[in-house]
Amino acid sequence: MAILGLDTTLKKGIFFLYMALWSGMRLVTYGSKREGSGAPAYNETSLLVFVSFTKLFIATGMFVQSDGTLGEMVQQFQANLPLFYRYFLPAMSYVVYDNLTFINLSFTDPVTYVVLMQMRIAVTGIVWSIFFGKPLNKNQWIAIGLLTLACLTQKGVDIAAANVDFVSILLICFQIGCGVFSSVFNELLLKEKGSVGVNLQNVFMYTHSIMCNIFWLWLCPSKTWCKSDLATAMDPAKLAELLHPWVLPIGVILSCIGIITSLFIKHLDSVRKTIASAMEIFVDAILAFALFGIPLTANTLVACGLAAGGVVLFSKKPEETKPDLPK
């Protein structure tokens, strides 16, 4: 039985690299905020703009390396304009998702946010089943439930302490919907029969992402809804802060995550991407203990057991019922 269907070296490499990049990004971020690191209080919107352009640069470089010249890329771009236009939807959804993270944490207490965001695991399973017409089996749904419980347990969330109001629920549900839709729809485009290569599709995605981010920062309705405006994000002094040895790796890792995500949903699927994201929590805890001496709690150990059970159950093939033979 191949765990999570990782039956080839390529799939295993993509799965574990995806987890490693996210865990590495969070550890570098934590290290940069520790006392004595010397890292500047960089502008996060400037970092977002930097990451968007870097991802487009990497995707273009990968196309030139593997698929053809820049001239051929332009020709293929023009020949596939209908597909380019379709990428507006997932790109816009990603941008909305990123900005809603800031907005929701401004209006919602952290406990409520953590509790409700765990719904994304189950929502991903539902939406993916609808888009691809492949319902998950009973084992996989139980596994998704165990992984959701593991995430809540590891974070030590007291569900009774969550301060839930109707507006918070709507905003967080909308954020989950945007994130799940963008991931599943992007997977659908990448796996579409007769579709163009992954590198060109990444160029489509990141071109739209840059345009959507710039448009949002330009027309942002209030400071409550945006961390900064377009002029502040593009300030040369703010951009120069991103070159600090603690900050630059964060931007580079986030850019690489964007590329590896497209490969993940191309060769695997959005459901297993969500499972990988859930498992990252435990990798973070172990690495934080090894690198920074942050102790492992009982919650983490219990959650690791729940997550391991969920992964094994998700990987298990359902038992086939044998038809009754005529007597």
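For S93 and S182, the side-chain atoms include no donor-acceptor pair closer than 3.5 Å.
The two residues L21 and I253 come nearest to each other via the heavy atoms O-CG2, 3.3 Å. Residue V51 comes nearest to G251 through the heavy atom pair CG2-O, 3.7 Å, listed as atom of the first residue, atom of the second, then distance. Taking all atoms of both residues into account, the shortest heavy-atom contact from Q175 to Y97 is O-CD1, 3.0 Å. Scanning all heavy atoms of the two residues, the minimum distance from R120 to T274 falls at O-CG2, 4.3 Å. The two residues L6 and K11 come nearest to each other via the heavy atoms CD2-O, 4.0 Å. Nearest approach of D269 to V271, heavy atoms of both residues: OD1-N, 3.1 Å.
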Verdict with reasoning, F264 to R272, per side-chain contact (heavy atoms from CB on, under 4.5 Å)
CA-CA 9 Å; F264 196 117; R272 281 177 284 187; 4.1 Å; yes
Run F50 and L248 through side-chain contact (heavy atoms from CB on, under 4.5 Å) and show every step you take.
CA-CA 10 Å; F50 168 80; L248 184 60; 3.9 Å; yes
May I have the step-by-step check of side-chain contact (heavy atoms from CB on, under 4.5 Å) for S183 and I265, ending in yes or no?
CA-CA 8 Å; S183 178; I265 58 179; 4.2 Å; yes
Given E187 and K266, is the side-chain contact (heavy atoms from CB on, under 4.5 Å) satisfied, shown in steps?
CA-CA 6 Å; E187 178 184 346; K266 170 71 173 180; over 6 Å; no
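F57 and M73 fall into different hydrophobic clusters, defined by Ile, Leu, Val, Met, Phe, Trp and Tyr side-chain heavy atoms under 4.5 Å apart, directly or through other members. Hydrophobic clustering keeps I275 apart from I286 (ILVMFWY residues linked when any side-chain heavy atoms are closer than 4.5 Å, directly or through intermediates). No continuous path of hydrophobic side-chain contacts links I257 to V95 [ILVMFWY only; heavy atoms under 4.5 Å]. L306 and L301 are not part of a single hydrophobic cluster, where members link through side-chain heavy atoms under 4.5 Å apart.
The aromatic rings of F84 and F77 sit tilted relative to each other, their planes meeting at an angle between 30° and 60°.
Side-chain contact check for E192 versus Q201: every heavy-atom pair is 4.5 Å or farther apart. No side-chain heavy atom of F314 sits less than 4.5 Å from a side-chain heavy atom of I142. Looking at Y94 and F181, their side chains never come closer than 4.5 Å, going by heavy atoms from C-beta outward. Counting heavy atoms from C-beta on, the side chains of V49 and N213 never come closer than 4.5 Å. With contacts defined as side-chain heavy-atom distances shorter than 4.5 Å, the pair K55/N202 does not qualify. Looking only at side-chain heavy atoms (C-beta outward), Y206 and T54 stay at 4.5 Å or farther from each other. Here the side chains of L27 and W22 are not in contact, with every heavy-atom distance at 4.5 Å or above. Residues S262 and M205 form no side-chain contact, since every pair of their non-hydrogen atoms from C-beta on lies 4.5 Å or further apart.
Within 6.0 Å of NZ in K134 there are 12 or fewer heavy atoms belonging to other residues, nucleotides or ligands. Heavy-atom neighbours of F88 CZ from other residues, nucleotides or ligands within 6.0 Å: at or below the threshold of 12.
Looking only at distances, a side-chain donor or acceptor of Q140 sits under 3.5 Å from a matching main-chain atom of N137. The main-chain N or O of T69 is found under 3.5 Å from a side-chain atom of E72 such that the two form a donor-acceptor pair.
Considering W128, F15, Y18 in turn, Y18 is the only one that fulfils the side-chain contact (heavy atoms from CB on, under 4.5 Å) rule with K273.
Once rounded to the nearest 0.5 Å, the distance linking CD1 of I121 with CD1 of I126 reads 12.0 Å.
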